[in-house]
Amino acid sequence: MFTVASILLVGGLAEGYWIGKKPENDHSVTRLEDIVVPLQYATEAVVNQGIEKISNIVGLDNISVSKGEIESHSGDPSGFVPPKVNERPYCVVFPSTVEQVSKIVKVCYELHIPVIPYSGGTSIEGHYVPTKKGISVDLSHMNKVLALHEDDLDVVVQPGIEWMQLNEELRPHGLMFGPDPAPGAMIGGIISTNASGTNAFKFGGAKDNVISLKVVLADGTIIKTKNRSRKSSNGYNLTNLFVGSEGTLGIVVEATLKLYALPKKEAIALMNFRNIGDATRTVTDLVKNGVSCNAIELMDDRQMRAVVEMGSGGSRKWEPYHLLLMKLGASSDSSLKEMVKSVKSIGKSNNGFNFDVATDEEERDNIWHVRKTLLWNSLNWAKKIKPMAHILPTDVCVPVSKLPELLSKVMEKMDKANLLATAAGHAGDGNVHVLVIYEPDQFETAHKLINEMSRIAIELDGTISGEHGIGVSDKRELLVEELGEDTIGTMRSIKFALDKRGIMNPDHIFKIDPTEKRRPYDDE
Ligand SMILES: Cc1cc2nc3c(=O)[nH]c(=O)nc-3n(C[C@H](O)[C@H](O)[C@H](O)COP(=O)(O)OP(=O)(O)OC[C@H]3O[C@@H](n4cnc5c(N)ncnc54)[C@H](O)[C@@H]3O)c2cc1C
Ligand SMILES: *[C@@H]1O[C@H](CO)[C@@H](O)[C@H](O)[C@H]1NC(C)=O
Ligand SMILES: *[C@@H]1O[C@H](CO)[C@@H](O)[C@H](O)[C@H]1NC(C)=O
Ligand SMILES: *[C@@H]1O[C@H](CO)[C@@H](O)[C@H](O)[C@H]1NC(C)=O
Ligand SMILES: *[C@@H]1O[C@H](CO)[C@@H](O)[C@H](O)[C@H]1NC(C)=O
């Protein structure tokens with residue numbers, strides 16, 4: 001049980017933060033107003049003692065206080081959710097082993113220093129904004145494959161390996177890892193955000209691809225969630241508890257991941273549509289007819305207009321209509337041909353046109369590049385129209401059949417508010433990223449509309465986050481609307497059961513500080 005006594009053991013704490021659960025409260029659900037026991041984080045003087053201890057663990061070479069490292073570990077470079085002026089870590093630590101991570105966290109636990117895990121830094125909802133300062137633990141030095149079990153189709157890796165690097169190492173073995181989020185994302189971050197990407201339609205997201213984890217808990221204890229066998233009926237699914245937990249429960253220090261055989265033959269089929277409903281009906285018809293695509297991506301007509309007008313699509317002639325990109329994989333040329341035939345006929349029956357198929361590897365890479373770089377392409381396009389333009393990516397997910405309704409409602413609102421917007425997404429999963437383009441004076445309007453879009457997604461039986469996560473943005477409030485106070489309160493109870501001192505990435509996913517005034521977008 002959490003008691004006041006345990007808090008007062010440490011001297012030199014800063015004033016003002018209220019973290020902890022009322023000792024007499026034994027309800028299942030922890031509401032924000034239940035958190036009334038004052039718990040304070042370490043003052044700078046105490047943090048400095050901690051840093052000295054940590055330097056004895058990792059060596060001075062593996063601690064940085066350089067301005068560059070401090071800035072890059074405070075907020076994502078695109079500034080979608082900028083940190084406030086005081087939201088900077090005291091230092092960035094680069095451990096090399098599980099034991100070092102455990103020892104570092106133990107020091108932070110003893111001194112009440114917040115710990116912010118950091119992998120590739122590509123998350124975009126302010127996931128590693130150090131709201132209570134603290135120490136950033138960067139896992140990127142732990143970037144090795146530890147064991148490859150080809151016969152079992154699994155691999156044991158350290159958390160700081162990039163998914164693209166992992167795939168490089170797997171390719172000679174004819175194997176691949178499923179999830180494909182932003183280039184630069186690392187396994188620890190991918191697991192902690194339950195990330196996915198274009199491949200999720202076939203291979204699932206992070207959740208479907210983690211067999212077992214080794215985790216350092218808030219007090220430094222090292223646990224393994226299970227052994228390597230695929231199946232298990234062995235109590236609580238602790239592996240799943242850490243998937244999508246955004247560093248709020250512990251640090252993932254090792255992961256056993258599922259692998260797949262690389263498709264022997266691949267092709268990308270492309271098709272235009274005038275009507276978005278025709279495009280999504282094509283998606284559902286493909287599924288119903290058992291045509292198993294490895295990915296189905298949608299780029300809307302606004303997005304395609306940006307590609308056409310920017311000439312950013314290479315030598316291929318693109319047209320400004322909704323586009324479906326379908327990645328097809330098969331074991332032989334003949335079965336691939338069969339698939340292409342089915343895709344073409346299903347698309348045509350839904351008024352698809354400009355059907356084409358690319359089998360050559362370079363051509364396929366070029367096409368996929370257009371998809372993977374659309375965020376930057378949309379921004380460059382917007383800057384030609386509105387030179388001061390910024391962009392905000394969004395990430396709602398609805399049942400596939402509701403996608404047309406979602407997009408038409410959202411785009412109508414954008415047009416009315418005079419905001420430019422393009423859309424693209426993982427159509428196979430009903431996961432769409434509307435990119436909202438705004439000028440500085442449209443900042444508030446853009447955020448208001450994005451929140452309205454999230455509410456539309458909830459109404460359509462969907463979610464405010466398909467794959468990016470919650471972080472410290474407005475999505476924390478929206479998550480309460482989506483899941484309800486009691487569900488969030490249950491998450492909060494789990495948080496405090498495992499992290500009584502509230503040191504693990506505080507304030508992320510849901511609030512734990514009733515005195516918090518933070519709105520993500522208003523500056524000091
Ligand atoms: C251009 C672009 C495209 C993107 N496309 C996609 C996409 O298609 N699909 C998708 O799912 N996402 C996408 N994202 C979002 C992003 O790539 C993912 O959220 C990714 O999983 C983040 O991984 P990371 O290693 O960069 O994590 P980070 O940004 O370093 O951290 C993410 C969160 O996880 C925590 N964390 C990091 N490492 C650990 C660890 N070892 N243990 C515990 N907690 C940890 C951090 O504290 C933080 O809360 C995109 C982002 C960009 C910028
Ligand atoms: C510092 O990090 C490097 C790279 O991971 C590692 O080789 C070295 O051993 C580390 N130093 C200590 C003292 O652990
Ligand atoms: C993780 O994502 C998968 C889809 O990729 C989804 O089915 C699952 O519910 C998500 N899990 C969590 C814990 O968010
Ligand atoms: C299985 O888990 C147990 C308990 O953690 C451990 O002792 C054992 O070594 C594990 N087996 C393997 C092969 O890792
Ligand atoms: C436990 O969770 C992991 C990771 O989310 C998942 O892959 C696995 O299928 C789950 N296992 C069971 C038995 O539900």
Side-chain angles (χ1 to χ4, degrees), residues 72-73 75-78 80 95 101 115-130 136-140 142 158-163 178-201 203-216 225-226 229-258 295 297 371-376 379 391 393 395 397 424-426 429 431 433 435 463 465-472 504-505 508-509:
S72 66
H73 289 71
D76 69 88
S78 316
F80 300 132
V101 176
V115 175
I116 298 96
Y118 181 98
S119 291
T122 69
S123 54
I124 47 190
E125 297 289 348
H127 282 84
Y128 48 88
V129 169
S136 177
V137 178
D138 184 318
L139 283 311
S140 63
M142 295 170 67
Q158 292 185 310
I161 190 166
E162 291 183 18
W163 68 273
D180 60 333
M186 295 171 181
I187 294 302
I190 290 171
I191 291 169
S192 303
T193 55
N194 192 20
S196 41
T198 64
N199 288 340
F201 182 61
F203 303 111
K207 173 220 160 223
D208 308 292
N209 288 287
V210 183
I211 295 171
S212 162
L213 294 175
K214 195 176 272 181
V215 181
V216 169
T225 57
K226 67 188 271 292
S229 64
R230 283 281 169 121
K231 282 177 67 175
S232 65
S233 299
N234 47 13
Y236 295 173
N237 191 340
L238 293 182
T239 313
N240 202 31
L241 184 59
F242 293 99
V243 175
S245 66
E246 301 188 6
T248 61
L249 297 176
I251 302 185
V252 172
V253 287
E254 194 180 294
T256 305
L257 307 170
K258 281 186 201 171
E297 294 292 305
R371 164 62 188 89
K372 278 285 190 183
T373 54
L374 59 81
L375 178 68
W376 317 121
L379 183 59
I391 208 162
D395 174 40
C397 186
H426 314 303
D429 304 310
N431 185 190
H433 303 302
L435 304 177
T463 177
S465 177
E467 53 178 26
H468 290 170
I470 306 300
V472 285
M504 293 306 308
N505 205 13
H508 289 71
I509 310 179

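These values consider heavy atoms only, across backbone and side chains, with no hydrogens, waters or symmetry-generated copies. Residue numbers count from 1 along this sequence. Order of appearance sets the numbers: ligands from 1, and atoms from 1 within every ligand.
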For ligand 1, which atoms sit closer than 4.0 Å to a heavy atom of [X]?
X: Tyr128; result: 29 (O)
X: Gly197; result: 8 (O), 9 (N)
X: Ala195; result: 11 (O), 21 (O)
X: Thr193; result: 19 (O), 20 (C), 21 (O), 32 (C), 33 (C)
X: Gly247; result: 43 (C), 44 (N)
X: Ile190; result: 21 (O), 23 (O)
X: Ile251; result: 42 (N), 43 (C)

Taking every non-hydrogen atom, the tightest pair across [X] and [Y]:
X: Gly184; Y: Thr122; result: C-CG2, 3.9 Å
X: Pro179; Y: Gly205; result: CG-C, 3.9 Å
X: Val253; Y: Pro159; result: O-CD, 3.1 Å
X: Ser232; Y: Lys226; result: OG-CE, 3.3 Å

Identify the protein heavy atom lying closest to [atom], giving its residue, its atom name and the separation to 0.1 Å.
atom: atom 28 (P) of ligand 1; answer: Gly121 N, 3.5 Å
atom: atom 32 (C) of ligand 1; answer: Ser123 OG, 3.5 Å
atom: atom 27 (O) of ligand 1; answer: Gly189 CA, 3.3 Å
atom: atom 8 (O) of ligand 1; answer: Glu467 OE2, 3.3 Å
atom: atom 34 (O) of ligand 1; answer: Ser192 CB, 3.3 Å
atom: atom 46 (C) of ligand 1; answer: Pro117 O, 3.1 Å

Are the side chain of [X] and the backbone N or O of [Y] linked by a donor-acceptor pair below 3.5 Å?
X: Thr463; Y: Cys397; value: no
X: Glu246; Y: Gly471; value: yes
X: Asn199; Y: Asp180; value: no
X: Trp163; Y: Gly178; value: no

Who's closest to [atom] heavy-atom-wise, of [options]?
atom: atom 2 (C) of ligand 1; options: Ser465, Ala182, Ser119, Gly120; value: Ala182
atom: atom 20 (C) of ligand 1; options: Thr122, Leu139, Val472; value: Thr122
atom: atom 48 (C) of ligand 1; options: His433, His127, His508; value: His127
atom: atom 11 (O) of ligand 1; options: Ser196, Gly250, Gly205; value: Ser196
atom: atom 40 (C) of ligand 1; options: Thr373, Val252, Asn505; value: Val252

Beyond-backbone contact of [X] with [Y], side-chain heavy atoms, under 4.5 angstrom:
X: Phe242; Y: Leu249; value: yes
X: Met186; Y: Leu139; value: no
X: Leu435; Y: Leu374; value: yes
X: Met504; Y: Pro117; value: yes

Relative to each other, are the rings of His426 and His433 parallel, tilted or perpendicular (30° and 60° limits)? perpendicular
Any N or O of Pro181 closer than 3.5 Å to N or O of ligand 1: no
Consider every N or O of Lys372 and every N or O of ligand 1, then say whether any pair is closer than 3.5 Å.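 For ligand 1, there is no N or O atom that lies under 3.5 Å from one belonging to Lys372.
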The ring pair (Phe, Tyr, Trp, His ring centres under 6.0 Å) partners of Tyr118 (sequence neighbours excluded) come to His73, Tyr128
With sequence neighbours excluded, tell me which residues meet ring pair (Phe, Tyr, Trp, His ring centres under 6.0 Å) with His508. none
Lys207: which of Asn194, Ile191, Thr239 passes side chain to side chain contact (heavy atoms under 4.5 Å, CB included):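 Of the listed residues Asn194, Ile191, Thr239, the side chain to side chain contact (heavy atoms under 4.5 Å, CB included) partner of Lys207 is Asn194.
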I'd like to check which ligand 5 atoms, numbered from 1 as shown, lie under 4.0 Å from a non-hydrogen atom of Ser232. 13 (C)
Val210: numbered ligand 5 atoms lying under 4.0 Å from its heavy atoms: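 Answer for ligand 5: 3 (C), 4 (C), 7 (O).
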State which residues pass salt bridge (charged side-chain N to carboxylate O under 4.0 Å, His left out) with Glu297; sequence neighbours excluded, sorted by chain then number. Arg371
Quick one: does His426 get a heavy atom under 4.0 Å from ligand 1? yes
Close-range residues for ligand 3, whose non-hydrogen atoms fall below the 4.0 Å threshold: Asn194, Gly205, Lys207, Asp208, Val243
